[in-house]
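Everything on this sheet refers to the single structure shown next.
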Amino acid sequence: MTDNIQRWQQLYSKYKHHTMLWEPMFWENLDLCVEHHKPGFSVVECGVWKGGMMGAMAEALADPAARFHLFDSFEGLPEAQPIDGKAALEWQKDTESPIYYNNCKAEIDDAREAMVLSGALNVSIHPGWFDQTLPGFSSESPISILRLDADWYASTTQCLEALVPQVATGGAVIIDDYFTWEGCAKAVHDYFSSEGINVSIQQTTHKVAYFVKP
């Protein structure tokens, strides 16, 4: 468990209306950021919703030289496909579910607000679908933390292909939906296979999945 519980509790309280994450998982994301970030390197999140996780990450790192990049459609999730699994298809159809969250749609101003709260100095928000915003993106510095909350197979694959090559050796790639949606997990392992990457998926106490760039 984190050695920064009190600080992480304060950050969760500050950003809880900007995140869907369960509090212990929120803390463990922050632990991974602090452990793997290198000063001056970039932090990237794909699928930011209202920006609470990224805002807390930026505040926890308190690195004025870091660049923070937020990618999201701000139109909700794309349509799930059969490769994403039965549970994903059923979730997206059940628009009355208390965990539907309007298909994970949020306004870009919510993310802007979270980043203002964080005090981060160097912030870029990239609105649009990943297949439009990620091709050609080049981080100003190596990425030390890449957090993927892309849900589906295609979206996760787009993020991995565009961004993992830019992650620094020893950087952390956090995969929010690895244990939630079949398509996300399959995308990760198909990417490893296609690129010849021999690395293990690790998990924290509360099942935050991640791998460290070799």
Check: So Tyr12 and Glu23, side chain to side chain donor-acceptor pair (under 3.5 Å) or not? Walk me through it.
Finding: CA-CA 7 Å; Tyr12 180 78; Glu23 187 171 1; 5.2 Å; no
Next item on the list: Show which residues join Phe71 in its hydrophobic cluster (side-chain heavy-atom contacts under 4.5 Å, direct or indirect), or state none.
Entry: Val44, Phe130, Leu134, Phe137, Ile143, Leu146, Leu148, Leu160, Leu163, Val164, Val167, Val173, Ile175, Tyr178, Phe179, Val188, Tyr191, Phe192, Ile197, Val199, Ile201, Phe211
Check: For Lys186 and Glu182, what are the C-alpha separation, side-chain angles and deciding distance, and is it a side chain to side chain contact (heavy atoms under 4.5 Å, CB included)?
Finding: CA-CA 6 Å; Lys186 180 171 173 54; Glu182 292 177 30; over 6 Å; no
Next item on the list: Evaluate side chain to side chain contact (heavy atoms under 4.5 Å, CB included) for Cys33 paired with Leu61, printing each intermediate quantity in order.
Entry: CA-CA 7 Å; Cys33 290; Leu61 294 174; 4.2 Å; yes
Item checked: Members besides Val116 in its Ile/Leu/Val/Met/Phe/Trp/Tyr cluster (side-chain heavy atoms under 4.5 Å) -> none
Note to self: Counting only heavy atoms from other residues, nucleotides and ligands, does the tally under 6.0 Å from CD of Glu79 exceed 12?
What the structure shows: no
Margin query: Nearest 0.5 angstrom please: Asp94 CG to Leu89 CG, how far?
Written below: 13.0 Å
Notebook entry, point to check: Got a donor-acceptor contact below 3.5 angstrom from the Asn103 side chain to the Lys105 backbone?
Noted result: no
Check: Between Phe68 and Met54, is any pair of side-chain heavy atoms under 4.5 Å apart?
Finding: yes
Next item on the list: Decide whether Arg67 and Ser124 meet the rule of one side-chain donor and one side-chain acceptor closer than 3.5 Å.
Entry: yes
Checklist line | Where Ala80 and Gln92 come nearest, the two heavy atoms and their spacing | finding: N-OE1, 2.6 Å
Check: What distance do Leu21 atom CG and Met53 atom CE have between them, rounded to the nearest 0.5 Å?
Finding: 6.0 Å
Check: Would you say the side-chain atoms of Asp72 pair up with the backbone N or O of Phe74, donor to acceptor, closer than 3.5 Å?
Finding: yes
Checklist line | Partner set under ring-ring contact (aromatic ring centres under 6.0 Å, His included) for Phe41, not counting sequence neighbours | finding: none
Note to self: Would you compute the distance between atom NZ of Lys38 and atom OG of Ser144 and round it to the nearest 0.5 angstrom?
What the structure shows: 8.5 Å
Checklist line | Closest heavy-atom pair and its distance - Gly51, Ala114 | finding: O-CB, 3.4 Å
Notebook entry, point to check: Distance from Leu11 atom CG to Lys16 atom NZ, nearest 0.5 Å?
Noted result: 13.0 Å
Margin query: Test your reading of the model: is there a side-chain donor-acceptor pair from Asp84 to the backbone of Tyr153, 3.5 Å cut-off?
Written below: yes
Note to self: Around atom CG of Asn198, are there more than 12 heavy atoms from other residues, nucleotides or ligands closer than 6.0 Å?
What the structure shows: no
Check: How long is the gap from OG1 on Thr156 to CG on Asp149, to the nearest 0.5 Å?
Finding: 9.0 Å
Check: Can you find a pair of side-chain heavy atoms, one from His17 and one from Lys50, that are under 4.5 Å apart?
Finding: no
Next item on the list: Return the minimal non-hydrogen interatomic distance between Leu30 and Ala60, and the atom names on each side.
Entry: CD2-CB, 4.1 Å
Notebook entry, point to check: Is any side-chain heavy atom of Val43 closer than 4.5 Å to a side-chain heavy atom of His69?
Noted result: no
Item checked: side chain to side chain contact (heavy atoms under 4.5 Å, CB included) against Trp129, all qualifying residues, sequence neighbours excluded -> Ser73, Glu75, Pro78, Asp131, Gln132
Check: What is the minimum heavy-atom distance between Cys159 and Ala150, and which atoms define it?
Finding: SG-CB, 4.1 Å
Item checked: Remaining members of hydrophobic cluster (4.5 Å side-chain criterion), Leu77 -> Met20, Trp49, Trp91, Ile99, Tyr100, Tyr101, Trp152, Trp181
Item checked: Over all atoms of both residues, closest heavy-atom pair of Gln166 and Ser139 -> OE1-N, 2.8 Å
Check: Would you say Leu121 and Ile145 are hydrophobically clustered, going by side-chain heavy atoms of ILVMFWY under 4.5 Å?
Finding: no
Note to self: With a 3.5 Å distance limit and no angle check, can you tell me whether Ser193 reaches the backbone of Asp190 through a side-chain donor-acceptor pair?
What the structure shows: no
Check: Got a second to check how far Leu32's CG is from Gln202's CD, nearest 0.5 Å?
Finding: 9.0 Å
Notebook entry, point to check: Which heavy-atom pair separates Thr157 from Ala187 by the least distance, and what is that distance?
Noted result: OG1-CB, 3.4 Å
Check: Hey, are Asp110 and His18 close enough side-chain-wise for a donor-acceptor pair under 3.5 Å?
Finding: no
Checklist line | Any residue meeting side chain to side chain contact (heavy atoms under 4.5 Å, CB included) with Lys14, in chain and number order, not counting sequence neighbours | finding: Glu59, Leu117
Notebook entry, point to check: Taking the side chain from Asn122 and the backbone from Pro64, do they hold a donor-acceptor pair closer than 3.5 Å?
Noted result: yes
